[in-house]
Amino acid sequence: MMRPRLVILSLALFVATICASTMRPAQRAATPAPPTPVAQSASKDSHFVGSENCKKCHEALYESWKQTRMANVVRDPKVHPEAVLGDFSHPTADVNFDLSQVAFVYGSRWKQRYFTKHGDDYFVLPAQWDIKHNRWLPYHVADAADWWTKFYPASNLERPTGPLCDGCHSLNYNLETKQVTEWNVACEKCHGPGSEHAAHPTNTNIVNPAKLDVVRANDTCMQCHSQGRPLTIPTQGKYVDWPVGFLPGDRLADFWSLEESHLGAQDFYYYPDGTAHKNRMQGNDFVQSVMYHRNMRCFNCHDVHSNKNISNLRKTGNDLCMTCHGPDGAAGPASLKESIAEHTHHAANSPASQCTACHMPKIEQTLGDNMVSAHTFQFISPRLTEQFKIPNPCTTCHTDKSTQWALDQLKTWQNTSPWRVAR
């Protein structure tokens with residue numbers, strides 16, 4: 001569903017739409033045609049069988065996926081001692097547990113959290129390891145932060161990960177039995193139950209997200225990469241923070257509602273303009289973007305089967321963006337006969353001449369000063385920083401400069417609309 005934006009951003013989308021509709025035929029032809037939409041969903045007679053059954057026919061893909069963070073979200077430190085990143089030899093006041101109490105470690109890029117097990121339930125322990133700074137930090141979701149906190153006691157040990165986390169950290173988590181088919185983001189998390197396909201492999205008895213319409217294709221990723229809540233609360237008598245019952249090929253909006261932004265106010269989820277404020281909200285951002293409405297799919301940029309590039313990207317740096325925004329594309333600097341340096345007003349190959357520097361600024365918090373990229377692909381003007389304290393790409397980089405300095409610089413850019421960047 002489309003999220004409301006400030007008037008300035010809405011105008012930008014309107015102008016982009018008008019421009020697209022008036023492009024010459026040759027320009028329109030340069031835009032890659034989306035795949036033919038397919039109404040594809042998991043068979044009601046099929047059930048989950050686990051990724052090992054996929055390996056038999058898809059060994060290369062399986063072995064590549066096995067190296068990704070998708071396949072290693074949570075790991076048992078007794079089986080994978082190398083997965084433990086936290087320094088348990090120098091505990092702090094927040095680390096009131098030792099490694100013997102840890103059933104799972106979670107995360108390996110920004111932070112690592114630690115799950116303990118009591119009965120059939122897992123619980124997050126009260127300290128997390130800041131990977132960037134090699135330090136311990138407390139972990140606790142504050143009351144009145146996420147929507148579900150009012151339904152749970154304050155203690156971490158009374159907030160089970162089953163209803164709050166494990167639907168995304170596993171395949172086929174069962175709220176009643178508290179069992180999973182497989183831990184981590186397994187093959188069937190994106191392709192649906194595979195028993196029929198494993199027994200009789202055809203293209204028609206398994207979901208291929210690449211053949212889904214744009215909504216359902218992106219829903220495959222957004223089932224976990226979005227912040228929202230179930231349509232029915234409670235769900236099976238529990239307060240659940242993931243879309244229970246959703247399967248690849250389904251329409252996520254039939255199970256899940258994205259968190260609403262409150263324009264002009266910053267909260268746990270959003271900045272005042274509707275850009276996500278925190279990590280794991282890529283979907284909330286993306287549905288607002290022109291990219292989404294031009295039928296782009298998450299996996300046009302990301303390959304979850306490969307760990308070759310950071311963030312599972314298909315290409316690195318501007319090479320990825322210029323796949324569509326290069327000389328043969330319908331939009332972007334090259335199509336306007338500009339060089340990247342002319343477009344960005346920064347030296348070629350400098351950090352500020354990376355497309356993502358302005359269009360995907362790292363302003364969304366995952367832990368402390370660890371920030372991840374926004375996915376609206378909008379340029380955030382320094383004017384919004386003045387009005388609403390939203391970080392902008394200019395002074396986030398030029399930390400010694402003021403927003404007025406940034407606005408004055410942008411007004412001198414003769415080949416860029418002042419109505420877009422300096423208002």
Under 3.5 Å, is there a donor on one side chain and an acceptor on the other for [X] and [Y]?
{"X": "Thr275", "Y": "Gln378", "value": "no"}
{"X": "His305", "Y": "Ser64", "value": "no"}
{"X": "Trp183", "Y": "Asp166", "value": "no"}
{"X": "Asp146", "Y": "Gln227", "value": "yes"}
{"X": "Thr92", "Y": "Arg135", "value": "no"}
{"X": "Ser353", "Y": "Thr344", "value": "yes"}
{"X": "Glu52", "Y": "Tyr62", "value": "yes"}

Between [X] and [Y], is any pair of side-chain heavy atoms under 4.5 Å apart?
{"X": "Phe123", "Y": "Phe115", "result": "no"}
{"X": "Phe377", "Y": "Met360", "result": "yes"}
{"X": "Asp254", "Y": "Phe246", "result": "no"}
{"X": "Asn156", "Y": "His140", "result": "yes"}

Open item on the list: Run the side chain to side chain donor-acceptor pair (under 3.5 Å) test against Ser417 and tell me which residues pass, sequence neighbours left out.
Closed with: none

Task: Counterpart residues, side chain to side chain donor-acceptor pair (under 3.5 Å), relative to Thr220 (two or more places apart) - done: none

Open item on the list: Using side chain to side chain donor-acceptor pair (under 3.5 Å), reason through His47 and Asn172 one step at a time and then give a plain yes or no.
Closed with: CA-CA 10 Å; His47 59 269; Asn172 192 31; over 6 Å; no

